[in-house]
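For reference, the structure is listed below as structure tokens.
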Amino acid sequence: MKIDHSLPLEYSTDENRLKILGFWIFLGAEVMLFATLFASYFILSGGTGDGPSGAEIFEITPVLIETLVLLTSSFTIGLMVHAMRLGRQKAMMGFFIATIVLGAIFLGVEIYEFVHYVHVGAGLQTSAFSAILLTTLGTHGAHVTFGLFWGTCILIQVKKYGLTPRTTNKSFIFSLYWHFLDVVWIFIFSFVYLKGMM
Amino acid sequence: MEFFERFAIPHPSPAIYASMVAIAIVSIAIVVGITYFKKWGYLWREWLTTVDHKRLGIMYIIAAILMLFRGGADAIMMRAQLSAPENKLLDAQHYNEIFTTHGVVMILFMAMPFIIGFMNFVVPLQIGARDVAFPRLNALSFWLFFAGAMLFNISFVIGGSPDAGWTSYFPLADNEFSTSVGTNYYMIAIQIAGLGTLATGINFMTTILKMRAPGMTLMKMPMFTWSALITNVIIVFAFPVLTVALAMGTLDRLFGTHFFASTNGGMDMLWANLFWVWGHPEVYILILPAFGIYSEVISTFARRNLYGYKSMVASMVIISLLSFVVWVHHFFTMGQGAFVNSIFSITTMAIAVPTGVKIFNWLLTLYKGKITMTTPMLYSMLFIPLFTLGGVTGVMLGMSAADYQYHNTMFLVAHFHMVIIPGVVFAMLAALYYYWPKMFGFMLNDRLGKIGAWIIAIGTLVAFMPMFISGLDGQARRMYTYSEASGFGIWNMISMVGALMLAAGFALIVYNIYYSFRYAPRDIGSDPWDARTLEWATHTPVPEYNFATMPKIDSYETFWDSKKKGTPLFPDKIEKIHMPNNSGIPFIMGIIFFMWGFSFVFAMWIPLIICTLGIFACMAYQSFENDHGRYISIEEIEETEKELGGKR
Amino acid sequence: MKLKRALLLAIVAIAAVLAGCEPLTVLNPKGPQAEVQANDIMMSIWLMSGIVIVVFAMLAYMLIKFRSSKQGKDYEPPHIEGNKWVEAVCVGIPVLIVAYLSFVSVQSNYKVEATPPGYEDKEPLVVYASSSNWKWHFSYPEEDIETVNYLYIPTDRALEFKLYSFGPITSFWIPQLGGQKYAMADMVTTLHLAADHPGEFMGRNANFSGKGFAENTFDVTAMSPVEFEEWVDEVHQTADPITEDKFEELLEPGHLGKMTFTGTHLDFSPAPEGHEHHQSNDEDSEENHENHDEHEGHSDHSSH
Amino acid sequence: MMKELFPMKQVMGFIFSLVLTAVALMVYFFDMSFAVGMTILLVTAFIQAGLQLVLFMHAGESEDKNAIYITIYYGVLIAIFTILGSLLTMVWTYQIQ
């Protein structure tokens, strides 16, 4: 395997560069996935049937906590990449762990939020609105959940093998994924919650 | 016992029981045969675990041909039922299931793998790459497609086939009106295959963008590769929509949500909307690679460079964008009003412009050429007039006011068959004849091939031209019967004759494969067509590393130039080559996905959870596996090259 | 050359049929909307035939002129990149054709979505056409009549069909009077038609709706206004009133013959009208709520 | 060392994203028309997304930046077409009529 030392480790081999571009293309597909969910959400958001509307069930506090936690985790994963490029494995792992912990907190609050919705009578089967709300949030939440497992796997590999072209590549790609989830959340925050409570 | 009742077929007929027996016998025969000839090891090492794009391509094509016959059998049954008024061959339910599976199988499990198969085989060779960007993902794509296809195909013997049409409009497809598990099969089998296709899209986009031979800039890529690039862009952005739509459909059917129900705020129109947001780009996913094939074939056998290369590329880019803004023309009659219909009517007809440019470019490629009429060329020359007929009727359908009369009639059915068969199927058959020598080292018989091409072309005309007429006479599509008084009888009888001709044509192709396998000469060299692009520059059979050394590209047709001018294409110095290792993971994941899908269809939650965990376990294993691939040594390469007749 | 002859024959045959010894249903319009559509269809057929002939002629010329058997052995085809002017023509002419078709298409769109010209002076006859598996129910609120699987219409008034469904999406289509439109369960769509002359026409559901789809047809009879009035009177004298129970029975999946009632089912099972349930604005959710309740009421009937 | 680990780029990005979130929150705390609110949300959301893309995701740093930008722009363009087109055909057209 040819290693190009003029580039950061995560870009240093052909295979790594392929993987990074491939992941960007995957993110392009994810844009469409969430766009479809948003389109469906906007169309169905009036379809509340007998159930409550968004304005009736949204609460600002958990949403704000989720937003701040996720924004911070996006910051820490950015620092993770920065530390990785400086070759500081300890700091890198620290930021990585911080990100995963923040992700877990986010997920915890989201689960609380879901329980709350079901509690106030907006379950999956209540109305088209509640279903698309939970599906949109749930798809993002499932991505976060998957990210937690995936990130943990990578973290173990970083611990085991150190900062190699392979592990740095995986960590970098994970950071792309995590930032992307943050972007999606910003759109959910703006166009599901804030618009709903406006 | 309620649990087991779901597995029974709701509307059994002797034909289905016979199929069950046939499936069982064939499966047992395959297992016994492989065991008897001791081929399990070979099969596992060389095919099931392979990550080689050429072998995956061949497997895609084999699967596509199998599915062509499955979908074709459906078609023959449909045409037979309709060949006379008040016919009693099939009942309504059976007919509904058959036209549903015909549509799904032909679009998603025949045309798609055919195209992706040729993309797999040809694209890396055409750009001078060793393999695709992510060989294992490529294998996974194939096995996901295959798992989806098999899951869909067992529906008619276990639990019943979907019966709500290939568009599966809600609320018809909801539990209330489609009570069997058929539509679950539809939702989940297509979902699994769709994930594989999405992965293919990402894989090939990366491959084409990053792995071209040195010197091959984007504007020096062969036209098929260009079409593959554009197609994969469309796949990447269209398939996620299908993923979401199918997921919502699955939730509606299995988890009691109300996305597309007419109660509790649901909206049946949304399914149609999402389905066609994917569905229309899908049409271009099918047709663009076909255009790519025609470009290669026509330029090869006209012995001329492709006319208007730049406008060909530009027209494909424009088509890819337009393909995303026309979907509403599939439901002009849903009551959106004149304004919305006008917008989408204009965008729809606008697509005719870039498509027309391509037709004229092909015609002008023939100009001052030296045309040799081989079988692939014959298909291409038959494609132009037939596709033009299909294409202009598409423009007619694009006029939304008139579409109120065409919609849901045989006119529409005639239109899309007249584009898809001459457009896609002819292209795939042309590609089959064209690339067969590169794949298998011998040529298919040209004479038989040409007879087959004529039978298929005339069969297409005879089968589908009458539908234009019966459509304008008021015959709706998807009717399992009609009255004597309607006067549709004669047109459907003619269609039946055409369908039989098509069947005969395809049978002749199979015979041709058998005949040529037995009798065709094997000493055909590596460039039997005197072709122009890079895939013909390597040996036949293609060594696993494709090219011993990376070719240097300086024009759109470097291989042709090097043949004409004698300039060297390949540098001398051989270096060791890095290749990926085979892996059983994609195949195993395919099997688990099949079981996952089956559990999901029948709402068996515990096996479903186990399978889900199995899938994640495979992914984790893959993540932790330390597989750096292997190197092929210089000596090994030199030996292979010598064996194949000298270094290229 | 066999192909070209066959193709030519086919085209001539089609043209002959289309030109009309025995006119096809869609091309034999009996109302102003169908006439607009038939004219568009014939115009586009002629225009498209022109394109087809140009392509066929070019192909034939190329294939005859440039086959290898007609070229010298040493003939080397030239390298031609492309020509600005040729390509401009290849783009320009299709653009002009598409522009013209778009112009016609947009005009026709507004025509078929409005009361047909010449009928504006009289109030249109409103008929609620609702489908259930696999029947059509026609309610005449003004005349206070309901029929099943057949439709009587006067020739002097425009017709405004209010379409909806008690089940899967269906499509209401009377080819000789005009094109089709969907009938759906959660909203009402409007189709504007009119009949110029008395006569009997075929009507059907054109959108696949399950097992009984093929037989989901109805008969349409257009008659003079006087005859229509007579029919209305006759129905009021002879037919039974429709009741909620009776209507429930009619909605059961299956096929029925023609039936006639006085009164309409709209009284106890109103159409999902004014049902703007698809707003994205949450402010309107209150209103939504009510509509949904109302809607619930009748959709319950459809769930068997 | 601390300076190394806390680079200005990331910190500024983080602060900026917090500010944008606060701006977006105005639509919750203040009374405003639908149009003004939507404008604020659209502007802040898209700036945030761009911020993540360029500052945190390093979209422009590699040799493939053109491919990356084209992919993302293309995706966003198609996404907007899909969302607006769907709303137009499924929602707005019925409100106008």
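Order of the sequence lines fixes the chain letters, A, B, ..., with proteins taken first and strands second; residue numbering starts at 1 for each chain.
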Next item on the list: Could you have a look at B/Gln93, B/Lys564, B/Arg478 and say which one has the most heavy-atom pairs with chain C under 4.5 angstrom?
Entry: B/Arg478

Item checked: Point-to-point distance, once rounded to the nearest 0.5 Å, from CD1 of B/Ile384 to CZ of C/Phe56 -> 10.5 Å

Check: Relative to chain B, which segment of C/Ala34 carries a heavy atom at a distance below 4.5 Å: side chain, backbone, both, or neither?
Finding: both

Margin query: For C/Lys84, is the NZ atom crowded, meaning more than 12 foreign heavy atoms sit under 6.0 Å from it?
Written below: no

Notebook entry, point to check: Are more than 12 heavy atoms from other residues, nucleotides or ligands located less than 6.0 Å from atom OH of C/Tyr100?
Noted result: no

Note to self: What I'd like to find out is whether the side chain of C/Ile169 reaches to under 4.5 Å of the side chain of B/Pro171, using heavy atoms alone.
What the structure shows: yes

Next item on the list: Indicate yes or no for a side-chain donor-acceptor contact from C/Gln180 to the backbone of B/Tyr404 under 3.5 Å, with no hydrogens or angles considered.
Entry: yes

Margin query: On a heavy-atom basis, which atom in C/Pro78 and which in B/Asn305 lie closest, and how many Å separate them?
Written below: O-OD1, 3.9 Å

Check: Side chain of C/Glu81, backbone of B/Gly308: donor and acceptor closer than 3.5 Å?
Finding: no

Check: How far apart are the C-alpha atoms of C/Thr189 and B/Met334, what are their side-chain angles, what is the distance that settles it, and do they pass the side-chain contact (heavy atoms from CB on, under 4.5 Å) test?
Finding: CA-CA 8 Å; C/Thr189 47; B/Met334 212 180 244; over 6 Å; no

Next item on the list: In sequence, state the C-alpha distance, the side-chain angles, and the governing distance for C/Met187 and B/Met267, and then conclude on side-chain contact (heavy atoms from CB on, under 4.5 Å).
Entry: CA-CA 9 Å; C/Met187 66 180 281; B/Met267 188 181 193; over 6 Å; no

Notebook entry, point to check: What is the minimum heavy-atom distance between C/Phe213 and B/Arg477, and which atoms define it?
Noted result: CE2-O, 3.2 Å

Item checked: For B/Ala352 against C/Val98, the heavy-atom pair lying closest together -> CB-CG2, 4.3 Å

Notebook entry, point to check: What distance separates C/Glu113 CD from B/Ser342 OG, expressed to the nearest 0.5 Å?
Noted result: 9.0 Å

Margin query: Could you report the tightest heavy-atom contact between B/Gly471 and C/Val26, atom names first, then the distance?
Written below: O-CG2, 4.4 Å

Check: Between the side chain of B/Arg304 and the main-chain N/O of C/Ile80, is any donor-acceptor distance below 3.5 Å?
Finding: yes

Item checked: Rounded distance (nearest 0.5 Å) linking atom OG of B/Ser262 with atom OH of C/Tyr164 -> 13.0 Å

Item checked: Minimal non-hydrogen separation, C/Cys90 against B/Val357, with atom names -> O-CG2, 4.1 Å

Check: Parallel, tilted or perpendicular: which fits the ring planes of C/Phe208 and B/Phe99, with parallel below 30° and perpendicular above 60°?
Finding: perpendicular

Check: Is chain C contacted by the side chain of B/Val395, its backbone, both, or neither, given a heavy-atom distance below 4.5 Å?
Finding: side chain

Margin query: Tell me whether C/Tyr75 contacts the main-chain N or O of B/Lys368 through its side chain, where contact means a donor paired with an acceptor under 3.5 Å.
Written below: yes

Item checked: Under the salt bridge (charged side-chain N to carboxylate O under 4.0 Å, His left out) test, residues paired with B/Glu557 that sit two or more places apart -> B/Arg532

Check: Are the side chains of B/Arg303 and C/Glu76 in touch, meaning some heavy atoms are under 4.5 Å apart?
Finding: no

Margin query: To the closest 0.5 Å, what do you measure between OG (C/Ser102) and CD1 (B/Ile343)?
Written below: 12.5 Å

Next item on the list: Counting only heavy atoms closer than 4.5 Å, note whether C/Asn133 contacts chain B via side chain, backbone, both or neither.
Entry: side chain

Check: Which answer fits C/Ser209, side chain, backbone, both or neither, if we ask what part of it has an atom under 4.5 Å from a heavy atom of chain B?
Finding: backbone

Margin query: Any side-chain to backbone donor/acceptor pair from B/Asp473 onto C/Thr25? Under 3.5 Å, distance only.
Written below: yes

Checklist line | Contacting region of B/Tyr480 [heavy-atom separation from chain C under 4.5 Å] | finding: both

Check: Under 3.5 Å, is there a donor-acceptor pair linking the side chains of C/Gln37 and B/Tyr406?
Finding: no

Notebook entry, point to check: Is it the backbone or the side chain of B/Lys310 that comes under 4.5 Å from a heavy atom of chain C, or both, or neither?
Noted result: neither

Note to self: Quick check on C/Glu215 against chain B: is it the side chain, the backbone, both or neither that has a heavy atom closer than 4.5 Å?
What the structure shows: side chain

Item checked: B/Phe464: ring pair (Phe, Tyr, Trp, His ring centres under 6.0 Å) partners, not counting sequence neighbours -> B/His417

Next item on the list: Determine, using ring centers only, whether B/His407 and C/Tyr182 are less than 6.0 Å apart.
Entry: yes

Note to self: Does B/Ile371 form a side-chain contact (heavy atoms from CB on, under 4.5 Å) with C/Lys70? I'd like the steps, not just the answer.
What the structure shows: CA-CA 9 Å; B/Ile371 301 166; C/Lys70 295 214 169 171; over 6 Å; no

Margin query: Let's go through B/Met399 and C/Ser108 carefully: what are the C-alpha distance in whole Å and the side-chain angles of both, what is the deciding distance for side-chain contact (heavy atoms from CB on, under 4.5 Å) to 0.1 Å, and is it a yes or a no?
Written below: CA-CA 9 Å; B/Met399 297 182 69; C/Ser108 303; 5.7 Å; no

Next item on the list: Would you confirm whether C/Asn109, through its side chain, and B/Ala401, through its main-chain N or O, come within 3.5 Å as a donor-acceptor pair?
Entry: yes

Check: Which bit of C/Gln107 comes within less than 4.5 Å of chain B, counting heavy atoms only: side chain, backbone, both or neither?
Finding: neither

Check: Picking from B/Ala476, B/Gly474, B/Gly487, which has the most non-hydrogen pairs under 4.5 angstrom with chain C?
Finding: B/Gly474

Notebook entry, point to check: Just by distance, do the side chain of C/Glu87 and the backbone of B/Asn361 share a donor-acceptor pair under 3.5 Å?
Noted result: no

Next item on the list: Give the member of B/Ala164, B/Ala402, B/Gly369 that has the highest number of heavy-atom pairs under 4.5 Å with chain C.
Entry: B/Gly369

Next item on the list: Could you grab the distance from atom CE of C/Met62 to atom CG of B/Leu363, nearest 0.5 Å is fine?
Entry: 6.0 Å

Checklist line | Gap between atom CG of C/Leu59 and atom CZ of B/Phe383 - 0.5 Å precision | finding: 11.0 Å

Next item on the list: Provide the closest heavy-atom pair for B/Met349 versus C/Ser105 in the form atom of the first, atom of the second, distance.
Entry: CE-CB, 4.0 Å

Note to self: Please rank C/Ala114, C/Pro94, C/Ala206 by heavy-atom pairs under 4.5 Å with chain B and give me the top one.
What the structure shows: C/Ala206

Next item on the list: Measure B/Ala272 against the heavy atoms of chain C and call it side chain, backbone, both or neither at under 4.5 Å.
Entry: neither

Check: For B/Leu306, is it the side chain, the backbone, both or neither that has a heavy atom under 4.5 Å from a heavy atom of chain C?
Finding: backbone

Check: Given the options C/Val91, C/Leu101, C/Val89, C/Ile51, which has more heavy-atom pairs under 4.5 Å with chain B than any of the others?
Finding: C/Leu101

Check: Is the side chain of B/Lys370 donor-acceptor paired with the backbone N or O of C/Lys73 at a distance under 3.5 Å, no angle test?
Finding: yes

Margin query: Under a 4.5 Å cutoff for heavy-atom pairs, which residue among B/Asp91, B/Asp268, B/Thr388, B/Asn341 has the most contacts with chain C?
Written below: B/Asp268

Next item on the list: Side-chain contact test, heavy atoms from C-beta onward, threshold under 4.5 Å: evaluate it for B/Met381 versus C/Leu63 and give yes or no.
Entry: yes

Next item on the list: Select one option (side chain, backbone, both, neither) describing which atoms of B/Ser483 are under 4.5 Å from chain C's heavy atoms.
Entry: neither

Next item on the list: Please flag which part of B/Phe170 lies under 4.5 Å from any non-hydrogen atom of chain C: side chain, backbone, both or neither.
Entry: backbone

Margin query: Quick one, C/Phe66 with B/Tyr367, criterion ring-ring contact (aromatic ring centres under 6.0 Å, His included). Give me CA distance, side-chain angles, the key distance, then yes/no.
Written below: CA-CA 7 Å; C/Phe66 301 111; B/Tyr367 180 68; 5.4 Å; yes

Note to self: Between C/Val112 and chain B, with a heavy-atom cut-off of 4.5 Å, which part of the residue counts as in contact: side chain, backbone, both or neither?
What the structure shows: side chain

